[in-house]
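Taking it in order: structure first as structure tokens, then the write-up.
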Amino acid sequence: MSERTIRIVIAGPRGKMGKEAVKMVTDTEHFQLKAVVDTKNAGKMLKDLEDQPNLEIPVFDDLRTCLSETETDVIIDLTKPDSGKKHLEIALEYGVRPVVGTTGFTDEEIARFSETAEEKGIGVVIAPNFAIGAILMMKFSQMAAKYMPDVEIIEQHHDQKLDAPSGTAMKTAQMIKEVREPKQQGHPEETEDLKGARGGDVDGIRIHSVRLPGRVAHQEVLLGTTGQTLSIRHDTIDRSAFMPGVKMSVETIMKLDVLVYGLENLME
């Protein structure tokens, strides 16, 4: 039996992740790209956008208009934090299942969207990171922190990233919090002569953000205890690394009626 065709809208097709998503969707037999949402090119076709396939796919600048005029099962949002949150809200309003790859969601926002998704019985996937290797890095770090609770996270991204720390770093810290009691790290009388030198603080876990041109997405989790250290690192070399995770999310979300935060929850 052939798989049911999943009708998809992509928000943010001109971004580096968006271009990869367009390619992944158009290359997947049981996916159908119905439209894209782009703030600058309303009324054009996808083929009119630079570095896009020669396809007669309509471009909208407003998601509400797009969903009103397009039969859609799933929206893949790869925009910016503010747009991602707005698009998630609109998708739920229209009964469309959102796969959101933007970061910057607070615990309160996750709880609010989760409640709405459950009320409507609509699946939602919010993934700070779609790379399978990054998810394994987070899982391994959680396992290790149970035995080595002194932890520092160093995340590196390209210099166009808007939020710091990254959603992956925050998600890693949250996973570690589940197995680790809050504790102050370093000397009890430690001071910062330069504010921020010790990074952000999540229950004593220190998070450091690096932003440089030439980077894509990289994270190292350093754990230390008496006489030894452990380093767990993941490097994204190319954004195509995210696409298997996006594809899995789209396929899985059709069976969900709740919000799932983090790709690791789809990998059990």
Side-chain angles (χ1 to χ4, degrees), residues 4-105 109 112-113 116-117 120 122-128 130 157-163 167 216-217 238-240 242-243 245-247 249-251 253-254 259:
R4 178 199 159 185
T5 298
I6 301 174
R7 300 166 299 184
I8 297 169
V9 165
I10 295 174
R14 284 185 297 111
K16 291 176 181 177
M17 279 278 284
K19 287 176 183 176
E20 291 290 343
V22 168
K23 184 176 186 302
M24 182 275 293
V25 170
T26 54
D27 286 350
T28 302
E29 188 175 350
H30 59 287
F31 288 178
Q32 182 182 12
L33 184 60
K34 299 290 289 185
V36 299
V37 177
D38 180 89
T39 54
K40 296 182 178 178
N41 292 287
K44 294 183 179 180
M45 291 290 168
L46 187 63
K47 66 179 184 178
D48 300 323
L49 275 57
E50 189 177 355
D51 297 327
Q52 295 289 359
N54 185 30
L55 294 172
E56 296 277 344
I57 302 291
V59 181
F60 294 85
D61 64 355
D62 176 73
L63 183 60
R64 276 198 173 87
T65 306
C66 176
L67 297 184
S68 296
E69 299 181 12
T70 309
E71 291 186 351
T72 308
D73 298 308
V74 174
I75 173 171
I76 300 173
D77 185 275
L78 301 168
T79 58
K80 299 174 181 177
D82 288 347
S83 300
K85 294 170 189 178
K86 178 184 173 186
H87 288 163
L88 198 164
E89 203 154 351
I90 293 169
L92 288 173
E93 181 185 325
Y94 279 79
V96 173
R97 299 167 186 267
V99 171
V100 182
T102 52
T103 58
F105 286 88
E109 287 168 335
R112 176 167 62 85
F113 284 124
T116 304
K120 292 178 173 284
I122 296 173
V124 176
V125 173
I126 300 174
F130 283 110
H157 281 79
H158 54 89
D159 61 343
Q160 298 303 301
K161 185 169 176 59
L162 295 175
D163 56 322
V216 179
D238 186 88
R239 287 172 178 82
S240 60
F242 299 120
M243 290 308 110
V246 175
K247 182 174 182 286
S249 297
V250 170
E251 291 170 336
I253 202 173
M254 298 301 294
L259 183 149

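Residues Leu88 and Ile126 have side chains in contact (heavy-atom distance under 4.5 Å, counting atoms from C-beta outward). Under the 4.5 Å side-chain criterion, counting only non-hydrogen atoms from C-beta, Asp61 is not in contact with Asn41. Within the 4.5 Å cutoff, no side-chain heavy atoms of Ile76 are placed close to those of Val9. Annotation: side chain of Val216 is not in contact with side chain of His157 (no heavy-atom distance under 4.5 Å). Here the side chains of Phe105 and Val100 are in contact, with some heavy-atom distance below 4.5 Å. Arg4 has its side chain out of reach of His30: every pair of non-hydrogen atoms, C-beta onward, lies at least 4.5 Å apart. Looking at His158 and Lys16, their side chains never come closer than 4.5 Å, going by heavy atoms from C-beta outward. Side-chain contact between Asp77 and Val99: absent, with no pair of heavy atoms (C-beta onward) separated by less than 4.5 Å.
Between the side chain of Arg7 and the main chain of Asp73, no donor-acceptor pair closer than 3.5 Å is present.
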Problem set entry | Working for salt bridge (charged side-chain N to carboxylate O under 4.0 Å, His left out), residues Asp159 and Lys161 | CA-CA 6 Å; Asp159 61 343; Lys161 185 169 176 59; over 6 Å; no

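Residues passing the side-chain contact (heavy atoms from CB on, under 4.5 Å) test with Ala91 are Ile75, Val96, Pro98, sequence neighbours excluded. In this structure Lys85 satisfies the salt bridge (charged side-chain N to carboxylate O under 4.0 Å, His left out) test together with Glu109, sequence neighbours excluded.
Checked by atom type, the side-chain pair Thr72/Tyr94 shows no donor-acceptor distance below 3.5 Å.
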